[in-house]
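For the numbers below, each heavy atom of this structure counts, side chains included, while hydrogens, waters and symmetry mates do not. Every value quoted in this text rests on a predicted model; they were computed, and no experiment measured them.
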Amino acid sequence: SGLPPVEFGTRMSLWLLKHALRRHEEVSCHLEREVRELEERSVREARPGFFEETFLLKKEVSSVRADLWRLKGILGSISAGNVRIQGLTGGHDDFIRVMVDEADYLYETVENIRESLLSIVELKLNVVSYDMNRVMRLLAVVSVLGLVPAVVGGLFGMNLIGNPWSITLPQVAFGVSMAMLTLLYVFYVKGWMR
């Protein structure tokens, strides 16, 4: 199993540390596959459970990251000589150093998985925000267009007969239509209609 020839207790301690590294490697591979699947799915794909799914995945990644940080700290302490395992001599430093390097690599991998997951969530939020801005622009255009007849109707009242000015209903309708068409043109030139 690649363990150095040492007494049984020391061998079991090293086996447990090696086993913990292997298990974390399997978990990080699984998490990496899940994040890759999320990346491959279309961002515009409307899935109601997207944020719940990514939240649970982020929680799992954070848990694995914390475990790896502790394991990396333990292996680093053993390698530095701050923590001693009885029966382990200086001749086994290379074996411990390899495990420290593996733990560092796994920790960096999980950190990259976490950053990828956060990027996916940010991208989804940006797409939702962009779509919401488009809807808000459309609502603003409709509101401004509805404002023109409302203001004219408020100024002239319900009927034009008997008023001191000589404006007919077709003239008012033409003026309102032209004002609305002018506003539509302005919004189209600004890019709000696309």
Exercise for the section: Please test L38 against L57 for side chain to side chain contact (heavy atoms under 4.5 Å, CB included), starting from the C-alpha separation and ending with a verdict. Expected result: CA-CA 10 Å; L38 273 176; L57 190 57; 3.8 Å; yes
Practice task
Say whether, by atom type as modelled, one donor and one acceptor occur between the side chain of S129 and the main chain of L125 under 3.5 angstrom.
Solution key: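 Pair absent, no side-chain N/O of S129 close to backbone of L125.
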Problem - Side-chain (S63) to main-chain (K59) donor-acceptor, under 3.5 angstrom - result: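 No, because the side chain of S63 does not come within donor-acceptor range (under 3.5 Å) of the backbone of K59.
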Practice task
Going by the salt bridge (charged side-chain N to carboxylate O under 4.0 Å, His left out) test, name the single residue among E108, E60, E111 that passes it with R65.
Solution key: E111
[X] and [Y]: same hydrophobic cluster, using ILVMFWY side-chain contacts below 4.5 Å?
| X | Y | result |
| --- | --- | --- |
| Y105 | V27 | no |
| L117 | V128 | no |
| V152 | L181 | yes |
| V148 | L145 | yes |
| M180 | L138 | no |

With rounding to the nearest 0.5 Å, note down the distance linking [atom1] in [X] to [atom2] in [Y].
| X | Y | atom1 | atom2 | answer |
| --- | --- | --- | --- | --- |
| Y130 | R134 | OH | CZ | 5.0 Å |
| L75 | D101 | CG | CG | 10.0 Å |
| S28 | R33 | OG | CZ | 9.5 Å |
| N133 | N126 | CG | CG | 10.5 Å |
| E102 | L71 | CD | CG | 10.0 Å |

What heavy-atom pair brings [X] and [Y] nearest, and what distance separates the two atoms?
| X | Y | value |
| --- | --- | --- |
| E32 | T109 | OE1-CG2, 4.4 Å |
| S116 | E39 | CB-OE2, 3.7 Å |
| G76 | V100 | N-CG2, 4.0 Å |

Practice task
Sequence neighbours left out, what pairs pass side-chain hydrogen bond (donor to acceptor under 3.5 Å, both in side chains) with at least one residue falling in residues 171-189?
Solution key: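 As it turns out, the side-chain hydrogen bond (donor to acceptor under 3.5 Å, both in side chains) pairs with a partner in residues 171-189, which skip direct neighbours, are T168-Q171.
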Practice task
Quick one: do F50 and I120 satisfy side chain to side chain contact (heavy atoms under 4.5 Å, CB included)? Show the steps, please.
Solution key: CA-CA 10 Å; F50 174 81; I120 293 170; 3.7 Å; yes
Please say whether more than 12 non-hydrogen atoms of neighbouring residues, nucleotides or ligands are located less than 6.0 Å from [atom1] in [X].
| X | atom1 | answer |
| --- | --- | --- |
| E26 | CD | yes |
| F95 | CZ | yes |
| R36 | CZ | no |
| F55 | CZ | no |

Exercise for the section: Assess whether side chain to side chain contact (heavy atoms under 4.5 Å, CB included) is satisfied between V64 and L106, documenting all intermediate values. Expected result: CA-CA 10 Å; V64 170; L106 285 175; over 6 Å; no
Problem - side chain to side chain donor-acceptor pair (under 3.5 Å) partner of R22, the single match among H19, E25, H24 - result: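 Running side chain to side chain donor-acceptor pair (under 3.5 Å) over H19, E25, H24 with R22 returns exactly one hit, E25.
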Problem - E34 and H30 side chains, donor-acceptor separation under 3.5 Å - result: yes
Problem - side chain to side chain contact (heavy atoms under 4.5 Å, CB included) between L14 and M99, intermediate numbers included - result: CA-CA 10 Å; L14 293 176; M99 286 201 311; 4.3 Å; yes
Practice task
State, yes or no, whether a side-chain contact exists between F51 and K124 at a heavy-atom distance under 4.5 Å.
Solution key: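 In contact.
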